[in-house]
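Right, one structure below, let's go through it.
Below, read A as the first sequence line, B as the second, and so on, with proteins coming before strands; counting in each chain starts at 1.
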Number of protein chains: 2
Amino acid sequence: MNCISCDCKSQLFSLLTDEELDMVQKNRVNVVFRPGETIRKQGTAMTHVISVNRGLAKLYLEGIENRNAILRLVKPTNFIGGPGIYLDMMHHYSVTALMESSVCFIDIHVFKKIIKQNSLFSDEFMKDFSRNTLAAYNRLINLTQKQMPGRMADTLLYLFHEIFQCNKFPMLISKQDLADHSAMSKDSAVKVLRGFQNDAIIRITDNEMILLDDEAMKKISRIG
Amino acid sequence: MNCISCDCKSQLFSLLTDEELDMVQKNRVNVVFRPGETIRKQGTAMTHVISVNRGLAKLYLEGIENRNAILRLVKPTNFIGGPGIYLDMMHHYSVTALMESSVCFIDIHVFKKIIKQNSLFSDEFMKDFSRNTLAAYNRLINLTQKQMPGRMADTLLYLFHEIFQCNKFPMLISKQDLADHSAMSKDSAVKVLRGFQNDAIIRITDNEMILLDDEAMKKISRIG
DNA sequence: TATTAACATTGATATATATCAACATTTCTT
DNA sequence: AAGAAATGTTGATATATATCAATGTTAATA
C-alpha cells in the first residue's frame, strides 16, 4: 500500500505533493485495532499523528474517578492531531476502537516539517483544528445548559446525521458510551432512551438503533 | 504610541521584526472601553484580532435563553483570536469589559500575512490557540463532572492564582459572572459563596474578595 | 455446556440544583 | 434627593439527576 494511491487517507493529506507523500510513506506505520483496544492513551507522549483508514473509534477525555467525556467519534478519513502537537507533545485525550479499525501513525516530526513547508496543508490543518475547538465550545454549551433529554437528543442526532449519515446504525456504541457523550450516568441514559422509545422517537433492537421521528428529536434537542 | 516601543503588546507580537511591527502599526486601531461595553460580539464578522493593553474583560459563549458560559477572563497582555480566523471569519464568542480597558484591534489580513511569513510567530500563535483549546477541555470535565462547590472553587482558584495572582482581588466581577463561569444559577452561586464564607475559606467585603484558606479551597476543588 | 464477567434494566430513594417569591442593597438617572 | 433599575440575598419549594439494590440479559471463557 502506497500513500500516493491510497484513497482512504485523510483529506488533509491529499493536499500534499507526491514528494511529500513519499516522505509520509517512509515515516508511517499502519496498525489494525480490534474493538476495545486503545489507539491512543491520554497522558502518554505524542510521537505520531493519526489518519483513520477504516473503522470507528471514540475520542474521549479521561476525567474524574474513571468517568470519561466522549468528545467525538472518529471515522474514515478523519485526522487525529490534538493540542499537544504545539504545546507539550503529550496526548490530552484517549482514543479507543469501537470496531475493527485500521489507522496510520505518521511521525510527528515529519508532520511538523510538512506543516512548515506546505501552506495549503497547514491552512487545512488549522481549519480542522478550529472545527474541533468550535465543536468543543458547542459541547460545553449543550452539556452545561441543557437537561438530560436534550443532551441525549444531541448525541443521537450527532450519530444519525454526522457519523452514520443514515436513520439507522449498528449498536457498536454501548449505553455507557452514550452516557459518556451526554454527561450523565448510565442509569439515567437508559431511562432517557426508554422514554424516547415509549414516545416512538427511536427504536432500539438487538443490534441497531433506528430514528423514527427526526422532527420530534430535533425539538427535544432545541427545548433542552 | 508605537508598536515597536510599546511594552504592553501581547507577547506574541514581540516575536515580530521591526518591519512587521511597522506593518501592524499602520493597520491597527486602539480603543478604550468602559465597564460593561462590548469589545466583541458573537455572531458578527471577524475583521480584526485583539491585543489587550490595559484592563480586564470576560470572554464568553452566548448560550441558550440568554445564558452565558464564561470561558476565561482576558487581561494585559493577552491575545484574542478565535476559531473563526481559519474557519468562517466570524466571532464565536463575545468579549465584554469588566473595567476600563484599552485594546488594539489589528487587521486580520495583516495578521494572516504575518502568520505566513514568520514561523516563530505562527508557532507561538499555535501554542496560544492550543492552550486555549486545552483549557476548554479542562473546563468541560470540571463543569460536567464536579458539583457546585467544586466548580465554584475552580472559578475562584482561577481568579486568585491565574488572573489576579494575589490572595485578594477587587470585586469587578458580579455574582452572575461567577455563576456564568461555574455553570450554575446566580442564586446557587450566592449560596455556595455563603457556605465558603461560613467555613472561613473566603471573605467578601464591599469591594474585594479575600482567600483565607487556600488548602481548603483546593480540597473542595479536588473532591468536587 | 457451565460459569463467570460484562453490560443492561428498573423502581425506589436520596441528593443536588433550579426556581420562585419576597425583600435588601446598591447604582444609576433624573 | 427621589425614583427606578440593576444586583444581591434568603428560605421554601419543586424538579432534575444520581445512586442504590435487585435482577435480567448477553457475551466471553473454560
Side-chain ion pair, B:E124 and B:R131, N-O less than 4.0 Å: yes

Sugar-phosphate only, base, or nothing, as touched by A:R67 at under 4.0 Å among non-hydrogen atoms: nothing

B:K58 and B:D177 ion-paired at < 4.0 Å: yes

B:Y60: ring pair (Phe, Tyr, Trp, His ring centres under 6.0 Å) partners, not counting sequence neighbours: none

Span of DNA chain C, from the first to the last nucleotide whose atoms fall under 4.0 Å of chain B heavy atoms: C:dA16 to C:dA21

Distance, nearest 0.5 Å, that separates CG of B:L178 from CE of B:M152: 5.0 Å

B:D187 with B:K191: basic N within carboxylate O range, under 4.0 Å: no

B:K146/B:D154 ion pair, N-O < 4.0 Å: yes

Nucleotides 5-11 of chain D: protein proximity per nucleotide (B base, S sugar-phosphate only, - neither; heavy atom, under 4.0 Å): ---BBBB

Pair A:R54 + A:E100, salt bridge at N-O below 4.0 Å: yes

Electrostatic pair A:E62-A:K41, nearest N-O below 4.0 angstrom: yes

